[in-house]
Novice: 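Here it is: the structure, laid out below.
Side chains included, hydrogens not; waters and symmetry mates left out as well; all remaining heavy atoms used.
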Amino acid sequence: QLQLQESGPGLVKPLETLSLTCTVSGDPLSGSTYYWGWIRQSTGKGLEWIGTFFSSGGAFYYNPSLKSRVTISVDTSKNQFSLTLTSVTAADTAVYYCARHFRITGIFSDRWGQGTLVSVTS
Amino acid sequence: QSALTQPPSASGSPGQSVTISCTGTSSDIGGYKFVSWYQQHPGEAPKLVLYEVAQRPSGVPERFSGSRSGNTASLTVSGLQAEDEADYYCSAYAGSSNFAVFGGGTKLTVL
């Protein structure tokens, strides 16, 4: 049974770097035919796609509005992928979800982690 | 402010049908068939209920249906049940650089 689990600090100071990891069980990232990525949900902006990768092709896709601050990395040996968001502000406070997508066009996400709340505060 | 526009609330009685709209532009909803809808109960992650406008993932009841006309997509829930009470979000492909934009969500209340 596929499971995704986010982990990482729940508090980040302004202008610092947010780092989260998604651990996937039940489906190997290496050679996967699915896409995997991050989506966040804030009170002010609702749901927002952050970025996605396709491990079999080595391709990464980022939301243009976040692209300058976002990096997604993959560790297939641990079956994990990570999100790094630099220079955070209060606007980055949100619940961050990792998810599996079966289609890149539209980011159709059929499996989600439970989400982790990250608050940006001094 | 979300890229796609949804009404903040909708309601219906058990057994009735409710339709939720999602309005975008010719660059997203009007330009591609890659529209999806998610259901979210409090404290839970979103759940995909429709994709490619009207396709239902395995396990989603036939009561959930979708359509698209011009720059507006719609989700219809027929035969409303108590468990349908949730927030619903639409999403659409917006071109080769922005693979998904979302609506602000609609809170569906079953009276």
Novice: Are A:Ile39 and B:Tyr51 grouped together when hydrophobic residues (ILVMFWY) are joined by side-chain heavy atoms under 4.5 angstrom apart?
Specialist: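 Linked, A:Ile39 and B:Tyr51 end up in one cluster.
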
Novice: Is A:Tyr62 reaching over with its side chain to a backbone N or O of B:Asn98, donor-acceptor style, under 3.5 angstrom?
Specialist: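 Looks like no, no N/O pair under 3.5 Å.
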
Novice: Are A:Tyr35 and A:Leu4 grouped together when hydrophobic residues (ILVMFWY) are joined by side-chain heavy atoms under 4.5 angstrom apart?
Specialist: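 Per the 4.5 Å side-chain linkage, A:Tyr35 and A:Leu4 are co-clustered.
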
Novice: Locate the shortest heavy-atom distance separating B:Ala45 from A:Gly113; write the atom from each residue and the value.
Specialist: CB-O, 3.4 Å

Novice: How about residues 96-107 of chain A versus chain B: which residues have heavy atoms under 4.5 Å apart?
Specialist: A:Tyr97, A:Phe102, A:Arg103, A:Ile104, A:Thr105, A:Gly106, A:Ile107

Novice: What about A:Leu11 and A:Val95, same hydrophobic cluster or not, with Ile/Leu/Val/Met/Phe/Trp/Tyr joined at side-chain heavy-atom distances under 4.5 Å?
Specialist: no

Novice: Where on B:Val35 is there a heavy atom nearer than 4.5 Å to chain A: the side chain, the backbone, both, or neither?
Specialist: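 The backbone, not the side chain.
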
Novice: Please state whether the rings of A:Trp49 and B:Phe99 are parallel, tilted or perpendicular, taking 30° and 60° as the class boundaries.
Specialist: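 The arrangement is perpendicular - the two ring planes meet at more than 60°.
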
Novice: So for atom CD, which belongs to B:Glu83, do other residues, nucleotides or ligands contribute more than 12 heavy atoms lying within a distance under 6.0 Å?
Specialist: yes

Novice: Tell me whether A:Trp38 is reachable from B:Leu48 by hopping between hydrophobic residues (I, L, V, M, F, W, Y) whose side-chain heavy atoms are closer than 4.5 Å.
Specialist: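 Yes, same cluster.
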
Novice: May I ask you to decide if the ring planes of B:Tyr38 and A:Trp112 are parallel, tilted or perpendicular, using 30° and 60° as cut-offs?
Specialist: perpendicular

Novice: Pick from B:Gly105, B:Pro46, B:Ala92, B:Pro57: which one has the most heavy-atom pairs with chain A under 4.5 Å?
Specialist: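 Heavy-atom pair counts peak at B:Pro46.
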
Novice: If only side-chain N and O atoms count, and only distance matters, is there a donor-acceptor pair under 3.5 Å linking A:Gln41 with B:Gln40?
Specialist: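 Present: a donor and an acceptor within the cut-off.
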
Novice: Please tell me whether B:Val53 and B:Tyr32 are part of a single hydrophobic cluster in this structure, the criterion being side-chain heavy atoms less than 4.5 Å apart.
Specialist: no

Novice: Is it the side chain or the backbone of B:Ser36 that comes within 4.5 Å of chain A heavy atoms, both, or neither?
Specialist: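 Both backbone and side chain of B:Ser36 come within 4.5 Å of chain A.
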
